[in-house]
Amino acid sequence: MNIEELKEGTFYYHKCGLLVKGEVNLVLEMSKDTLNVNFVGGCVDVYMDKIKAIKRPDNIIANFEWCYKLKNEYDECIGYIGNIKEII
C-alpha cells in the first residue's frame, strides 16, 4: 500500500440508499499502525493492517487503476479509496 497513492484517490462509502464520495485531500500518519484520511466532507481513521488491495468495490461499476478496501477494528467495511480509470 502506497500512502502517496491514497492522497491522489477518492473515498467511497456505500450503504443501501446512501453513497458518500469525496476526494482525499490529506493523509496523516497518526502512528506506525494508523492513518487519518481526510476527504471532502469528512475523515476516516484507518488501521494499516485493515487495508486490503482489491480490484474494485462490489457496488461501484467501474474499472479502477487501484483500489483499497478499508475495515475497522471489528472487520466491518468502512469504505474504499481508489482511482477510477473508466466507468463501465
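We count residues from 1, following the sequence as given. All values derive from a computational prediction rather than experimental measurement.
- Under a hydrophobic-cluster definition in which Ile, Leu, Val, Met, Phe, Trp and Tyr are linked whenever side-chain heavy atoms come within less than 4.5 Å, directly or via other members, V44 and L18 are assigned to the same cluster.
- Summarising the geometry of L35 relative to M30, their closest heavy-atom pair is C-CG, 4.1 Å, with the distance given to 0.1 Å.
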- Query: After noting the C-alpha distance and the side-chain angles of V40 and N25, does the key distance pass the side chain to side chain contact (heavy atoms under 4.5 Å, CB included) rule?
  - Reply: CA-CA 7 Å; V40 175; N25 51 29; 4.1 Å; yes

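- Put simply, SG on C16 and CG on N59 are 10.5 Å apart, with the number rounded to the nearest 0.5 Å.
- Looking at every heavy atom in both residues, F11 comes nearest to I81 through CD1-CG1, 4.0 Å.
- Separation of atoms CG (L70) and SG (C77) is listed at 7.0 Å; rounding is to 0.5 Å.
- Applying the salt bridge (Lys or Arg N to Asp or Glu O under 4.0 Å) definition to pairs two or more places apart or across chains, none involves residues 12-29.
- Partners of K50 according to the side-chain contact (heavy atoms from CB on, under 4.5 Å) rule, which considers only residues two or more places apart in sequence or in another chain, are Y47, K71, D75.
- Taking the side chain as every heavy atom from C-beta outward, N83 and E5 never approach each other to under 4.5 Å.
- Checked against side-chain contact (heavy atoms from CB on, under 4.5 Å), L26 has the following partners two or more places apart in sequence or in another chain: L28, N38.
- Scored by the side chain to side chain donor-acceptor pair (under 3.5 Å) test, D33 finds no partners at all (sequence neighbours excluded).
- The ring-ring contact (aromatic ring centres under 6.0 Å, His included) analysis of residues 15-38, with sequence neighbours excluded, yields no pairs.
- Applying the salt bridge (Lys or Arg N to Asp or Glu O under 4.0 Å) test to pairs two or more places apart or on separate chains, none has a residue in residues 76-88.
- Nearest approach of V20 to F39, heavy atoms of both residues: CG1-CE1, 4.1 Å.
- D58 meets the side chain to side chain donor-acceptor pair (under 3.5 Å) test with no other residue; sequence neighbours excluded.
- F64 belongs to a hydrophobic cluster whose remaining members, ordered by chain and number, are Y12, I54, I60, Y80, I84, I87; membership requires side-chain heavy atoms of ILVMFWY residues under 4.5 Å apart, directly or through intermediates.
- In this structure L19 satisfies the side-chain contact (heavy atoms from CB on, under 4.5 Å) test together with H14, sequence neighbours excluded.
- Of all the heavy atoms in A62 and R56, the pair that sits closest is O-CD, 3.2 Å.
- Here the side chains of V24 and L6 are not in contact, with every heavy-atom distance at 4.5 Å or above.
- For Y68, the ring-ring contact (aromatic ring centres under 6.0 Å, His included) criterion is met by W66, not counting sequence neighbours.
- Listed by chain and residue number, K7 satisfy the salt bridge (Lys or Arg N to Asp or Glu O under 4.0 Å) test with E4 (two or more places apart in sequence, or in another chain).
- Side chains of V46 and I51 form a contact here, defined as non-hydrogen atoms less than 4.5 Å apart.
- Side-chain contact between V37 and C43 is absent, with no heavy atoms from C-beta onward closer than 4.5 Å.
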